Amino acid sequence: MASAEVRQIRRRIKSVQSTMKITRAMELIATSRIAKAQVRVAQSQPYTAKMTDVIRNIAAASGGLSHPLLEPRKVKTTGVVVVTSDRGLAGGYNTNVMRLAERQLLDYRDQNREARLYVVGKKSQSYFRYRKYQIEHSFLGVTDTPTYGDARAVANILLNDYEEGAVDAVEVFTTRYVSALTQTPVRWPLLPIEPPEASEGSDTPVGYEFEPSPEAILGRLLPRYLEGTVFSILLEASASEHAARRRAMKAATENAEELTRVLTREANQARQAEITTEISEIVGGAEALSGG
C-alpha cells in the first residue's frame with residue numbers, strides 16, 4: 001500500500017515540475033515583452049502630446065473649436081469598447097475590465113439606454129458572447145503587439161458609426177498601465193473628443209498661419225488624433241497584459257515550488273513508513289522462526 005502511495009506522489013511531483021517549467025518560461029517571456037511594451041508606450045507619448053499642442057494652437061487661431069467630432073449630442077445609444085487580451089493566464093487582468101464594462105452595460109439597461117458593444121480580444125468576445133450580449137464588431141489578434149494599423153482599423157469603425165449616428169458617444173473600458181506592479185481598469189471617454197485645454201502656467205501658444213483654413217486642417221487632424229488616442233489605449237493595455245501575466249506566472253511558479261517541497265516531504269514520509277513496516281515484518285518473522 002505504501003509503495004503505491006509513493007509512486008502516486010512521485011507522479012504528482014513530476015507533473016508539478018513540468019507545469020513549473022511552463023510557468024517559468026511564460027514568466028521570462030512576459031518579462032522580456034514588458035520592456036518592449038514600456039518603450040513603445042514612452043515613444044508614443046511625444047506624438048500624442050504634439051498632436052494635442054497643434055489642436056490647441058488651431059483653437060487659439062480660429063477663436064474656438066467647432067467640429068462634429070467635438071460637439072456633444074443627446075445620448076441615445078452609447079458605444080462600449082472593451083479591451084482585453086487574446087490569451088489567458090494573466091491573473092485578474094481580463095476579469096477586472098470585463099466586470100467594469102458589464103456593470104456599465106447593466107446601468108445603461110436600467111436607464112433604458114441602448115448600447116452597442118465592440119470587443120478587442122478573444123477573452124472579452126467569449127465572455128460577452130456566452131452571456132448573450134450582441135457584439136457589433138470584434139477585433140482579434142491585436143492585443144499582444146498592437147500596431148498603428150490596428151488602431152486605425154478600430155478608430156475607423158468607431159468613427160463611421162459615430163458619423164452615421166449609430167452611436168452618440170463612445171467610451172472605452174481598458175487597463176491603464178501605471179507600473180509593472182500596478183495596472184488599473186478605467187473607463188475612457190473617446191467620442192465626442194474633448195478639446196484640449198491649455199494648462200495653467202503653460203506658454204503662450206505659438207502664432208501659426210494656416211493653409212488651408214484652420215477648419216479644414218481640424219477636419220483632417222481630429223481623425224488622426226482619434227487614431228493616436230486608440231493607439232495609446234492599445235499600447236497601455238498590451239503593457240498591462242504582459243505585466244499581469246508575468247506577475248501571475250511568477251506566483252504560479254512559486255506555488256509549484258512550494259507544492260513540490262510539500263509532496264517531496266510526503267513521499268519521504270511514506271517511504272520511511274514503508275521501510276519501517278518492512279523492518280517490523282522481518283523482525284516479526286525472525287522471532288517467529290526462533291520461537292519455533
Side-chain angles (χ1 to χ4, degrees), residues 44-45 47-83 97 100-101 103-120 124 134-137 139 146 148 150-176 184-199 202 205 210 212-237:
S44 69
Q45 291 175 351
Y47 173 81
T48 305
K50 190 61 178 179
M51 185 78 74
T52 302
D53 185 58
V54 172
I55 294 177
R56 188 181 298 118
N57 282 296
I58 292 176
S62 61
L65 295 175
S66 177
H67 191 274
L69 294 180
L70 300 172
E71 298 174 0
R73 309 174 185 172
K74 182 179 180 181
V75 179
K76 297 180 180 178
T77 304
T78 303
V80 176
V81 184
V82 185
V83 181
V97 177
L100 180 63
R103 284 197 297 268
Q104 188 64 59
L105 289 171
L106 294 176
D107 289 342
Y108 287 151
R109 182 181 299 175
D110 294 339
Q111 299 170 11
N112 295 323
R113 182 190 299 182
E114 295 184 5
R116 291 170 65 93
L117 183 61
Y118 307 82
V119 297
V120 180
S124 55
Q134 181 179 352
I135 299 175
E136 299 298 331
H137 204 284
F139 305 91
Y148 195 84
D150 298 326
R152 180 181 289 116
V154 175
N156 287 341
I157 293 293
L158 299 176
L159 187 59
N160 289 337
D161 287 354
Y162 185 79
E163 291 178 340
E164 293 174 358
V167 294
D168 302 305
V170 177
E171 53 192 23
V172 181
F173 291 86
T174 182
T175 305
R176 185 182 293 277
T184 307
V186 295
R187 172 178 171 268
W188 192 319
L190 190 64
L191 287 172
I193 298 174
E194 296 182 3
E197 299 178 356
S199 59
S202 60
F210 297 96
S213 65
E215 291 75 13
I217 295 177
L218 191 64
R220 296 184 180 183
L221 191 62
L222 287 178
R224 305 290 85 77
Y225 179 78
L226 181 65
E227 293 173 2
T229 302
V230 173
F231 188 46
S232 297
I233 290 173
L234 294 180
L235 289 179
E236 289 203 29

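Quick caveat: nothing in here was measured; it's all calculated off a predicted structure.
- E227 places a side-chain heavy atom less than 4.5 Å from the side chain of Y148.
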Taking it one step at a time, do E171 and T78 satisfy side-chain contact (heavy atoms from CB on, under 4.5 Å)?
CA-CA 8 Å; E171 53 192 23; T78 303; 4.0 Å; yes

Could you tabulate the donor-acceptor pairs under 3.5 Å formed by side-chain atoms of residues 152-165, not counting sequence neighbours?
residue	atom	partner	partner atom	Å
N156	ND2	R152	O	3.2
N160	ND2	N156	O	3.2
D161	OD2	Y118	OH	2.5

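- For the 3.5 Å distance criterion, the side chains of Y108 and E114 fail to qualify, holding no donor opposite an acceptor.
- Residues Q104 and R187 have side chains in contact (heavy-atom distance under 4.5 Å, counting atoms from C-beta outward).
- Annotation: side chain of W188 is in contact with side chain of I233 (closest heavy-atom distance under 4.5 Å).
- Looking only at side-chain heavy atoms (C-beta outward), L117 and V82 come within less than 4.5 Å of each other.
- No side-chain heavy atom of D168 sits less than 4.5 Å from a side-chain heavy atom of K74.
- A heavy-atom distance below 4.5 Å is not found between the side chains of F231 and D150.
- For A151 against V230, the heavy-atom pair with the smallest separation is O-CG1, 3.8 Å.
- A heavy-atom distance below 4.5 Å is not found between the side chains of Q134 and R116.
- Within the 4.5 Å cutoff, the side chain of T174 has heavy atoms near those of the V186 side chain.
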Please step through side-chain contact (heavy atoms from CB on, under 4.5 Å) for the pair V81 and L190, ending with a clear verdict.
CA-CA 10 Å; V81 184; L190 190 64; 5.6 Å; no

